[in-house]
K.L.:
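One structure is given below, represented as structure tokens, and several questions about it will come after.
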Amino acid sequence: MACPDATPLRSLPQVQRLLESTEAASLVAAYGRTQVLSAVRRHLKEMRAILRETPSAHLDASPGAILAQLAEKLEREAAPRLRRVINATGIVLHTNLGRAPLAPEAVAAAAEAAANYMNLEYDLETGQRGSRYQGVLGLLCELTGAEAALVVNNNAAAVLLALAALAVPGEAVVSRGELVEIGGSFRVPEVIAQSGARLIEVGTTNKTRIGDYERAIGPDTRILLKVHPSNYRIQGFTAAPERSELALLARECGLVAMEDLGSGSLIDLRPLGLPAEPTVRESLAAGIDLVTCSGDKLLGGPQAGLILGRAALIARLKAHPLLRALRLDKMTLGALEATLKLYRSPELAAGRIPVLAMLSAPLEALERRAESLRAELAGLPGVTAEVREATGFAGGGALPEAAIPTRLVALHTPFLEAEELTRRLRLHRPAVVGRIKDGQLLLDLRTVSDAEVHEVAAACRAVLA
Ligand SMILES: *Cc1c(COP(=O)(O)O)cnc(C)c1O
């Protein structure tokens with residue numbers, strides 16, 4: 001038996017009647033007739049399904065109520081899935097949060113390229129076809145001392161292209177201590193297999209000597225590949241040949257010495273108070289023939305793969321058909337050029353490139369930020385907020401052993417489990433992502449800008465209200 005005020009199926013309004021109302025007209029103006037019509041049909045179908053399933057259900061079937069729900073649904077569906085996140089994890093190169101935020105100059109260049117026609121492959125001087133990569137390749141050579149350069153979609157693509165063009169058919173020799181996995185999808189043995197080259201492993205996990213490479217070289221050997229242990233370190237009883245030894249051996253045997261540098265720093269990070277990370281210039285100066293690295297790790301630019309080295313090798317890469325499939329778009333090229341220009345004065349780079357600015361932010365600045373966040377949160381009833389000392393990491397496959405001191409704000413309230421608090425902050429706009437430890441929400445200020453401190457406080461206020 002249906003209870004007396006159950007909604008009868010026949011009381012649902014007709015599609016046509018719903019669309020004739022003035023509320024529907026404003027939805028049509030905002031989202032277009034096709035989208036609104038489809039949403040109305042789906043909504044009525046859902047209501048009918050509920051009423052068939054549960055005849056006693058009470059639904060508000062008035063056109064006003066239905067249209068209000070539709071307006072909400074359409075707005076939710078129109079909101080972009082890709083949304084801004086305030087990164088309060090302290091992990092500067094957080095791959096899941098998009099790695100490097102760009103410098104304002106790079107953002108402007110990408111926006112300019114996005115909105116307009118550009119001289120992408122057009123020489124304005126001659127009116128003839130020009131080179132897509134002209135702007136960045138010269139800069140890359142200037143900044144690294146390389147003879148020639150090339151850019152592709154990411155470092156994985158750079159390694160793949162280099163191997164496909166230079167080691168196939170044939171073998172690439174890699175130390176067992178350098179068979180790296182980065183983030184699950186980039187695994188050195190699998191990338192080598194994809195390229196068509198054959199992997200020859202030498203040495204052991206902890207010790208590989210130049211003699212191990214020497215013995216592995218045969219008639220099919222093409223490349224001696226060194227891979228930077230970006231996200232781990234082998235410590236203790238270890239050995240690996242110097243770059244210069246590897247380069248010399250390759251030269252003597254007519255092979256290519258290649259290094260996948262991973263995060264690829266363009267400048268010495270030690271003056272910024274960070275541990276040494278090999279630079280592209282250093283690797284090339286040691287005699288490595290071809291170096292690849294990412295654009296959006298320590299370099300702090302857009303997602304890209306940089307390839308630097310001998311002109312004859314770069315020419316072979318440029319001629320390979322795979323290059324077209326890996327090529328960069330105009331927005332990325334604009335952002336990359338603008339980022340690279342900021343490196344022309346390395347002493348200024350740290351202040352202008354957000355990744356470097358965050359990694360080298362002095363503790364006093366983090367302390368100030370933490371204190372101002374704590375002060376803003378202290379007033380909330382029942383909330384305990386305190387500043388804590390802690391250590392963080394760079395993330396994103398860079399500086400794995402560098403435990404960088406940082407400052408956190410630990411937040412606790414008896415009214416809400418930490419899991420629920422973090423969930424609400426994730427769903428807030430802008431989203432705030434922190435982490436939980438011992439039942440408390442921790443907000444790390446290394447990756448939160450001064451301006452964002454107030455936004456984080458406002459988000460906390462909103463979700464605790
Ligand atoms: C990060 C990394 C890669 C992958 O670079 P993407 O730019 O993410 O494709 C490859 N090799 C090493 C050593 C890395 O650190």
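The first residue in the sequence is number 1, and the count goes up from there. When a ligand or atom number is given, it counts from 1 through the structure's own listing order. These values consider heavy atoms only, across backbone and side chains, with no hydrogens, waters or symmetry-generated copies.
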K.L.:
Any atoms of ligand 1 less than 4.0 Å from a non-hydrogen atom of H228? List them with their elements.
P.N.:
13 (C)
K.L.:
Output the distance between atom CG (N206) and atom CD1 (I234), rounded to the nearest 0.5 Å.
P.N.:
7.0 Å
K.L.:
Counting only heavy atoms not in E389 (residues, nucleotides, ligands), do more than 12 fall under 6.0 Å from its CD?
P.N.:
no
K.L.:
For the 3.5 Å polar cut-off, considering only N or O atoms, please tell me whether D260 and ligand 1 meet it.
P.N.:
yes
K.L.:
For S230, take its heavy atoms, then give the atoms of ligand 1 lying under 4.0 Å from any of them.
P.N.:
12 (C), 13 (C), 14 (C), 15 (O)
K.L.:
Distance-only, no hydrogens or angles: does the T144 side chain make a donor-acceptor pair with backbone N or O of L140 under 3.5 Å?
P.N.:
yes
K.L.:
Out of K226, K297, E178, who is nearest to atom 2 (C) of ligand 1 when you count heavy atoms only?
P.N.:
K297
K.L.:
Looking at side-chain heavy atoms only, is the closest gap between S185 and E190 below 4.5 Å?
P.N.:
no
K.L.:
Could you tell me whether the side chain of T126 and the main chain of Q128 form a donor-acceptor pair under 3.5 Å?
P.N.:
yes
K.L.:
So which of I404, L408, N87 actually passes side-chain contact (heavy atoms from CB on, under 4.5 Å) with R446?
P.N.:
I404
K.L.:
So, is L261 polar-close to ligand 1, with some N/O to N/O distance under 3.5 Å?
P.N.:
no
K.L.:
If the cut-off is 4.0 Å to any non-hydrogen atom of G262, which atoms of ligand 1 fall inside it?
P.N.:
12 (C), 13 (C), 14 (C), 15 (O)
K.L.:
Tell me whether V180 reaches ligand 1 (any heavy atom closer than 4.0 angstrom to a ligand atom).
P.N.:
no
K.L.:
Just jot down the ligand 1 atoms closer than 4.0 angstrom to any heavy atom of A156, in number order.
P.N.:
5 (O), 6 (P), 9 (O)
K.L.:
Which option wins on minimum heavy-atom distance to atom 3 (C) of ligand 1: T95, N231, N155?
P.N.:
N155
K.L.:
Run the numbers for me: atoms of ligand 1, each under 4.0 Å from some heavy atom of R99, listed by number.
P.N.:
6 (P), 7 (O), 8 (O)
K.L.:
Hey, does S294 come in under 3.5 Å of ligand 1, counting only N/O atoms on both sides?
P.N.:
yes
K.L.:
Of E178, E259, E277, which meets side chain to side chain donor-acceptor pair (under 3.5 Å) against H228?
P.N.:
E277
K.L.:
Would you check if L328 and L336 make a side-chain contact, meaning some heavy-atom pair closer than 4.5 Å?
P.N.:
yes
